[in-house]
Amino acid sequence: MNGSKIDGKKVTEEMLLDKGYRKYSGEKLDIYYSKDICAHIGNCVRGNPDVFEVGRRPWIIADNGGVEDDIQVINTCPSGALKYIRKDGK
Ligand code: SF4
């Protein structure tokens, strides 16, 4: 699933917070997560356990991975529970 869009529209922070996503800020990339949507399939944790670690607080640390790598893992989330906004506007 494309982590930068919902229903074909590019996500905005306002849209995501409105929908109940929580923000996990990084230097170059913010990751957003909705526990209500998460299907607990674990692609994220398997994709990069340094960024996504369930037992840790915060459980998502965007800066533990590179921007492109983080995006690649986020896009493997099948439920749409993970979204991202790049800070370089791309
Ligand atoms: S990949 Fe998506 S649905 Fe699966 S555990 Fe991670 S956030 Fe939840």
Exercise for the section: Give the cluster check for Leu17 versus Ile31: same hydrophobic cluster or not, with ILVMFWY residues linked at side-chain heavy-atom distances below 4.5 Å. Expected result: no
Completion exercise
Residues passing the ring pair (Phe, Tyr, Trp, His ring centres under 6.0 Å) test with Tyr84, sequence neighbours excluded, are none
Handout entry: Interatomic distance, Ile85 atom CD1 to Thr12 atom OG1 [nearest 0.5 angstrom]
Key = 6.0 Å
Exercise for the section: Give the other cluster members for Ile41, using side-chain heavy-atom distances under 4.5 Å between Ile, Leu, Val, Met, Phe, Trp and Tyr residues; answer none if it is isolated. Expected result: none
Handout entry: Verify same cluster id: Phe52, Ile61 (apolar side-chain graph, 4.5 Å)
Key = no
Practice task
Go through the structure and list residues passing salt bridge (charged side-chain N to carboxylate O under 4.0 Å, His left out) with Lys87, not counting sequence neighbours.
Solution key: Asp30
Handout entry: Verdict with reasoning, Ile60 to Leu82, per side chain to side chain contact (heavy atoms under 4.5 Å, CB included)
Key = CA-CA 10 Å; Ile60 298 174; Leu82 290 175; 4.0 Å; yes
Fill in the blank from the handout: Sorted by chain and number, sequence neighbours left out, side chain to side chain contact (heavy atoms under 4.5 Å, CB included) with Ser79 holds for Ile37, Ala39, Cys77, Ala81
Exercise for the section: Treating Ile, Leu, Val, Met, Phe, Trp and Tyr as nodes and any side-chain heavy-atom pair under 4.5 angstrom as an edge, say whether Tyr24 and Tyr21 lie in one connected cluster. Expected result: no
Completion exercise
The ring pair (Phe, Tyr, Trp, His ring centres under 6.0 Å) partners of Tyr32 (sequence neighbours excluded) come to none
Practice task
Mind checking the OG-CD1 spacing from Ser4 to Ile74? Nearest 0.5 Å is all I need.
Solution key: 10.0 Å
Exercise for the section: Hey, could you give me each pair passing salt bridge (charged side-chain N to carboxylate O under 4.0 Å, His left out) that has a residue in residues 7-19? Not counting sequence neighbours. Expected result: Glu13-Lys23
Exercise for the section: State which residues pass side chain to side chain donor-acceptor pair (under 3.5 Å) with Ser25; sequence neighbours excluded, sorted by chain then number. Expected result: none
Exercise for the section: Say whether, by atom type as modelled, one donor and one acceptor occur between the side chain of Arg57 and the main chain of Trp59 under 3.5 angstrom. Expected result: no
Handout entry: Sidechain-backbone polar pair: Lys83 side chain, Asn2 backbone, donor-acceptor under 3.5 Å
Key = yes
Distance-only criterion, 3.5 Å: show the donor-acceptor pairs between side-chain atoms of residues 63-71 and protein atoms not counting sequence neighbours.
residue	atom	partner	partner atom	Å
Asp63	OD1	Glu27	N	2.8
Asp63	OD2	Glu27	N	3.1
Asn64	ND2	Asp50	O	2.9
Glu68	OE2	Arg86	NH1	3.3
Glu68	OE2	Arg86	NH2	3.2

Practice task
Establish whether Val73 and Tyr33 are linked, either directly or via other cluster members, by ILVMFWY side-chain heavy-atom contacts under 4.5 Å.
Solution key: yes
Problem - Results of salt bridge (charged side-chain N to carboxylate O under 4.0 Å, His left out) for Arg46 - residues two or more places apart only - result: none
Practice task
Find the distance between CZ (Arg22) and CG (Asp36) and round it off to the nearest 0.5 Å.
Solution key: 12.5 Å
Problem - Taking every non-hydrogen atom, the tightest pair across Ala62 and Gly26 - result: CB-CA, 4.0 Å
